[in-house]
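Computed from heavy atoms alone, side chains included, the values below leave out hydrogens, waters and symmetry copies. In the text below, chain A, chain B and the rest are named by the order of the sequence lines, each starting its count at 1.
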Amino acid sequence: MSELSKAYEPGLVEDKWYAWWQERGLFHADPASPKPGYSIVIPPPNVTGVLTLGHVLNNTIQDILARHARQTGHEVLWLPGTDHAGIATQTVVERKLRKEEKMTRHDLGREEFLKRVWEWKEKHGGIIIRQLKKLGCSCDWQRERFTMDEAYARKVQEVFVDLHAKGLIYRGKRMVNWCPVSLTALSDEEVIPKPQKGYLYHFRVELVERPGTFLEVATTRPETIMGDTAVAVNPKDPRYVGLIGLHVRRPLPVEDQAILPIVGDDAVEFAFGTGVLKVTPAHDKTDYEIGLRHKLPVIDILNPDGTMNELAGEDFAGLDRFEARVEAVDKLRELGILVKEEPHENHVGFSERADVPVEPRLSEQWFLKYPKTAEARAAVRDHLIRFFPDRWEKVFDHWLENIQDWCISRQLWWGHRIPVWTKKCSVLSSQCSGPDPAENRTLKTESPDEVRCQVESPGDGWVQDSDVLDTWFSSWLWAHETMEPAALAKFYPTSALVTGPDIIFFWVARMIMAGLEYTGEVPFRSVYFTGIIRDRQGRKMSKSLGNSPDPLDLIAKYGADGLRFGLLRIAPQGQDIKFDEQQIVEGRNFCNKLWNACRFRLMQGAVDPAADPTQHELSIFASDLLAKLDATIRRVNDGYEAFRFSDIAQALYDFVWGDFCDRFIEASKADFESPRRAGTLATMDFVILRILKLLHPYTPFLTEELWNGLGFGSQSLMEVAWPEPCTSPVAPGPRAEAAYAAASHARNLRATYNIPSNKRIAWKISPSADWVEQEFPTLALFLCAESLTVCDSAPAGAAACPTDIGILYLPLEGIVDASGEAKRLEAEIAKVEAEIEKVARKLASESFVNNAPPAVVADHRQRQQDWMRRLIELQTARDSLAGG
RNA sequence: GCGCGGUUAGCUCAGUGGUAGAGCACUGCCUUGACACGGCAGGGGUCACAGGUUCGAACCCUGUAUCGCGCACCA
């Protein structure tokens, strides 16, 4: 390539390089490699999923780690895949079925329905995988896994059998979170408490033993009165102490006003409501426990879909639970026992998937008593696994400390079937029973059948449990069951896990326990928790708000690299990110800036990949740049050490844009027709080569295009070694700093007099050091000088600008009268005097001089001297102006 | 209720005890030999508030306010 286009056009090169990387097998991990291993398993996105900005952030970080590891000499495995996502996927296919064929899954039957889900998966699933490729993700696609792959699925079932044999998995009738829309049980983690504005209804119940005497009960759920089997008070509550053991009459249903006992239970808060609690063991967790303690009967008045059943009475049967609430309040009012309705805000658990209130429901489910909880806590506490940021350690520990058994069965069809078999076929076949899976379970528990827990069917006459497992019960094996023995030996435990803090319990914690239980090792060494991406108002990105930009649109507009770099630059460790498209614009601009810097270099001739600046006598600017490159490499390496991705991006941004483009390239423009040419070009090539390497993890497409286009090598950047922090061959440059600063002062002066920045000026200077004259060509360029000449004393009618390289004089003839300059100088003198006063006050303080570290005091003294010198220069300038 | 995190320039955010920073936005000048997706210069901040520790606090401590996020069986 001899010429580059004027602007970087990502769309023209991205696909080309991605294909090239894949052809060369650069993403593929070889377990037999002699190189040290580095591994990451992808948090498997839902097979139904499409790429979101959250995915972009998460996967870009993983790609950065993977590419950086390759460059630092590791054999890298980044293992990709997708998750079968039980509820989400089943829902998608059911919706399609209803829409296109007006059928439910029950119309098709289990086997046929599952066939349809697989068809859907093959046709529409895994869009996100193609999108990850557009983003540039360097996953080992030969190893793409799916949580329902045959081998993986078998492992999931084997783990179930194993944990069952160990007595950690058991079946029991418990209070679970029931989703009336998905018609399945959920784990506690899938329930999101949301504040709800409702009412607290007060109603009276009559004491059976004392007719005419009433107790006042407060409830938010009057629709469950029909399921009440007691009324409870706190035994320590003086208001009700004599009433325990007496009875009240339940008002609903009106045709069956049962007699309920009054029980005493410590769970009742007497500060809440009236201190009298209605006890509904079938529909509330606390009530259920009270029921157990007092051996109360359980009346289940709800159908699985959240409608009332016949036990609720003829007025309610068939009503939805929320309609029933209105109806119940009406009935209480009709009966004249409704005392008041007061507005009340409380938290109600919502189903994460279906976004409807979950129903606490007594049902037969499979539960897991977590293995290796103590070991998991220790692993994080003792830093066998490090969390970044580390504050999540506390959250993790707190969860494990209070951990509850995990409800792992789901009343779905799509997922890993529970490997439990029952002998007795006549009424149990799920194919021939009613449409409600919950009903099936009831039948099972009632039959005294023989039960076996094993993967394969024990033979004819055995029927498998109709439930499937929670999706997370398969993903918790992801870190090790995705690898064959050779890969495990090389790449396990994995090096890092990158994920959002929202799945710390769902996934991270459980994977640690599974890893410890089944490999005897932690599954990963480091966990990096990303922030959550929000919109400019700080709201979470969501489909319904329409505030979630499509990353593919952003890639089309700004390039994958622009998106990656722009996003990463604003993603500080562990903080949520307020997304603004402007940030991506800046990422794109940065890519273009580097592109043009390289374009400029190419205009001076071909690059030398082996350029070695130490072979040349270097300008002060070149030495300075090399020193800054060295500092940047260190900053970047430190960033990788600490997972500070935005720091790395910022360090590279500052170096490329500020140090390299704004300063060095501008300074270099005076060198091309001078003896400095060779040294300057060598420095430029040396630095560009390293910039491309350092930047490659963040902007892989751009850097690969430039690497190859400029002729640095025929290998991929991924295969070439990461730059070492070289101790700079020449000491860092105070002279260059002084020259840059002087240019800045001079331009400021020019601006003060409204002199257009392109007007050529006949500058004069009285230099402060010998070396300054050697830099006249570069300085003249900086100053946009018509000429730059030395003068011994201040010329008449000129504005003076004291700098570290000497006093610069700007001729003012024909531009402005000298009185204006006098004013300007006076103003500047006043400013400097104020600074001197500030430092002097500090140094006059004995306590400061006596107590502060000597270095700090010395620093202040130095500063005072600098200001004094500047003051004298300014005063001299003023006096000479007045004299001249 | 308990815990965690945030509060610094108009906006988004860096900044772990010693002169308050960056990018964007804004103002002015500039299409100068890569880049207007650009260059140069400039204006703009009682570091949420109140106490405390210290010679010295954006930074450490205590409390308050406020926003966000977890956890929690007040129905």
Side-chain angles (χ1 to χ4, degrees), chain A residues 4 6-8 175 193 200 217-221 224 232 267-273 275-280 284-290 344 346-347 360 389 391-392 394-395 398-399 402 501-502 504-505 532 534 536 538 540 558 562 569-570 572 574-580 582-583 585-604 646-647 650 653-654 657-658 661-662 665-666 669 672 743-744 747-752 754-760 781-782 784 835 838-839 842 845-853 855-857 859-860 863 867:
Chain A
L4 299 182
K6 202 171 167 185
Y8 173 53
M175 211 59 173
L200 192 59
V217 184
T219 181
T220 55
R221 298 202 63 190
T224 62
V268 182
E269 298 277 337
F270 41 93
F272 188 88
V276 184
L277 170 69
K278 68 185 219 36
V279 183
T280 324
D284 185 275
K285 202 172 171 222
T286 309
D287 291 9
Y288 177 66
E289 284 157 14
I290 294 173
H344 178 69
N346 64 347
H347 287 256
R391 63 188 153 85
W392 293 107
K394 218 169 168 177
V395 177
H398 184 252
W399 183 71
N402 301 294
D502 48 336
I504 184 169
F505 308 138
I532 310 245
R534 302 175 175 281
R536 290 203 61 173
K540 249 180 155 164
Y558 307 112
R569 202 159 72 94
I570 55 157
Q575 294 298 332
D576 287 358
I577 295 142
K578 283 194 188 160
F579 180 79
D580 184 351
Q582 181 58 36
Q583 312 288 356
V585 172
E586 285 171 38
R588 187 265 320 253
N589 294 356
F590 176 71
C591 291
N592 190 54
K593 187 73 181 177
L594 178 63
W595 176 264
N596 274 287
C598 292
R599 179 165 171 250
F600 174 77
R601 169 61 191 86
L602 218 48
M603 287 173 170
Q604 319 306 326
S646 59
D647 285 4
Q650 194 58 45
Y653 186 95
D654 290 345
W657 204 307
C661 293
D662 288 348
I665 287 187
E666 291 310 317
K669 287 176 180 172
F672 296 122
S744 196
R747 291 176 189 134
N748 181 337
L749 192 65
R750 188 195 266 275
T752 306
N754 295 320
I755 302 168
S757 43
N758 63 344
K759 177 157 171 63
R760 306 253 156 208
L781 206 74
F782 283 163
C784 190
E835 290 295 335
K838 226 162 81 181
V839 183
K842 191 118 194 206
S845 152
E846 268 181 51
S847 51
F848 171 69
V849 177
N850 294 336
N851 294 308
V856 174
V857 178
D859 192 55
H860 276 73
R863 209 184 307 152
W867 282 119

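Among Arg747(A), Arg760(A), Lys759(A), the one residue that satisfies the side-chain contact (heavy atoms from CB on, under 4.5 Å) test with Cys784(A) is Arg760(A).
The side-chain hydrogen bond (donor to acceptor under 3.5 Å, both in side chains) search around Trp399(A) returns Glu189(A), not counting sequence neighbours. Checked against side-chain hydrogen bond (donor to acceptor under 3.5 Å, both in side chains), Asn851(A) has no partners two or more places apart in sequence or in another chain. With sequence neighbours excluded, no residue satisfies side-chain hydrogen bond (donor to acceptor under 3.5 Å, both in side chains) with Arg750(A). Listed by chain and number, the residues in a ring pair (Phe, Tyr, Trp, His ring centres under 6.0 Å) with Phe848(A) are His860(A) (sequence neighbours excluded). Not counting sequence neighbours, the partners of Asp580(A) by the side-chain hydrogen bond (donor to acceptor under 3.5 Å, both in side chains) test are Arg536(A). Checked against side chain to side chain contact (heavy atoms under 4.5 Å, CB included), Phe272(A) has the following partners two or more places apart in sequence or in another chain: Leu200(A), Glu269(A), His344(A). In this structure Thr752(A) satisfies the side chain to side chain contact (heavy atoms under 4.5 Å, CB included) test together with Asn748(A), Arg824(A), sequence neighbours excluded.
Within 4.0 Å of Pro193(A), counting heavy atoms only, lies no atom of the nucleic acid at all. No contact: Thr280(A) has no heavy atom under 4.0 Å from any strand.
rC69(B) sits 26 Å from rG10(B) when the P atoms are compared, rounded to a whole Å. Taking atom P in both rG23(B) and rG39(B), the straight-line distance is 10 Å, to the nearest Å. Nucleotides rA65(B) and rG51(B) place their C1' atoms 15 Å apart, quoted to the nearest Å. Comparing rC71(B) with rU19(B), their P atoms are spaced 43 Å from each other, to the whole Å. When the P atom is used for both rC61(B) and rG6(B), the distance is 12 Å, rounded to whole Å. Look at the P atom in both rA20(B) and rU62(B): the space between them is 26 Å, to the nearest Å. Rounded to a whole angstrom, the distance from the C1' atom of rU64(B) to that of rA9(B) is 26 Å. For the P atoms, the distance linking rU16(B) with rA41(B) amounts to 27 Å, nearest Å.
Contact record, Val279(A) with Ala232(A): CG2-CB, 3.7 Å, taken as the closest heavy-atom pair. Nearest heavy-atom pair across Leu781(A) and Glu666(A) is CD2-O, 3.4 Å. Closest heavy-atom contact between Asp287(A) and Lys278(A): OD2-O, 3.2 Å.
Between the P atom of rC13(B) and the CD1 atom of Ile570(A) lies a distance of 8 Å, rounded to the nearest Å. One interatomic measurement links the two molecules: NZ of Lys842(A) to C1' of rU54(B), which rounds to 12 Å at whole-angstrom precision. Atom P of nucleotide rC24(B) and atom CG of Asp580(A) are separated by 13 Å, given to the nearest angstrom. Ile532(A) places its CD1 atom 18 Å from the P atom of rU12(B), with the value rounded to the nearest Å. Rounded to an integer number of Å, the gap from Arg569(A) CZ to rC13(B) P is 13 Å. Spacing between atom NZ of Lys578(A) and atom P of rU7(B) amounts to 11 Å, rounded to whole angstrom units. Between the CG atom of Asp654(A) and the P atom of rC24(B) there is a distance of 11 Å, rounded to whole Å. Put simply, NZ on Lys838(A) is 15 Å from P on rG18(B), counting in whole angstrom units.
In this structure, the separation between CD1 on Ile755(A) and CG on Leu749(A) is 7.0 Å, given to the nearest 0.5 Å. Annotation: the span from Asn589(A) atom CG to Tyr8(A) atom OH amounts to 13.5 Å, rounded to 0.5 Å.
Within the 4.0 Å cut-off from OP1 or OP2 of rG42(B), at least one side-chain nitrogen or oxygen of Asn748(A) is found.
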- Task: At under 4.0 Å between heavy atoms, which parts of nucleotides 28-37 of chain B does protein reach? Answer with one letter per nucleotide, 5' to 3': B base, S sugar-phosphate only, - none.
- Result: -BSS-BBBSB
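The cationic group of Lys593(A) does not satisfy the cation-pi geometry with Tyr653(A), failing either the under 6.0 Å distance to the six-membered ring centre or the 45° limit from the ring axis.
Residues Lys669(A) and Phe600(A) form a side-chain contact, since some pair of their non-hydrogen atoms from C-beta on lies under 4.5 Å apart. Using a 4.5 Å cut-off on side-chain heavy atoms (C-beta onward), Pro360(A) and Tyr288(A) make no contact. Between Leu602(A) and Arg599(A) there is no side-chain heavy-atom pair separated by less than 4.5 Å.
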Identify the pairs formed between an N or O of the protein and an N or O of nucleotides 15-17 of chain B at a distance under 3.5 Å, and give each distance.
unit_1: rG15(B); atom_1: OP1; unit_2: Arg644(A); atom_2: NH2; d: 3.0

Any protein N or O atoms within reach of nucleotides 73-75 of chain B? Criterion: under 3.5 Å, listing atom names and distances.
unit_1: rC73(B); atom_1: O2'; unit_2: Thr286(A); atom_2: OG1; d: 3.1
unit_1: rA75(B); atom_1: O3'; unit_2: Thr220(A); atom_2: OG1; d: 3.2
unit_1: rA75(B); atom_1: N6; unit_2: Glu269(A); atom_2: O; d: 2.9
unit_1: rA75(B); atom_1: N6; unit_2: Phe272(A); atom_2: O; d: 3.4
unit_1: rA75(B); atom_1: N1; unit_2: Glu269(A); atom_2: N; d: 3.1

What pairs of nitrogen or oxygen atoms, one from the protein and one from nucleotides 1-6 of chain B, lie under 3.5 Å apart?
unit_1: rC4(B); atom_1: OP1; unit_2: Lys394(A); atom_2: NZ; d: 3.2

- Message: Between Leu277(A) and Ile290(A), does the side chain to side chain contact (heavy atoms under 4.5 Å, CB included) criterion hold? Intermediate values first, please.
- Response: CA-CA 11 Å; Leu277(A) 170 69; Ile290(A) 294 173; 3.7 Å; yes
- What pattern of brackets, bars and dots sums up RNA chain B from 5' to 3', given Watson-Crick or G-U wobble pairs under 3.5 Å, [ ] for crossing pairs and | for another strand? ((((((((.[[[[.)..(..]]]].(((((.......))))).....[[[[[..)....]]]]])))))))....
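Ranked by how close their nearest RNA chain B nucleotide is to the 5' end, Ile577(A) and Ala743(A) are led by Ile577(A). Between Ala852(A) and Trp399(A), the residue anchored nearer the 5' end of RNA chain B, judged by the nucleotide with its closest heavy atom, is Ala852(A).
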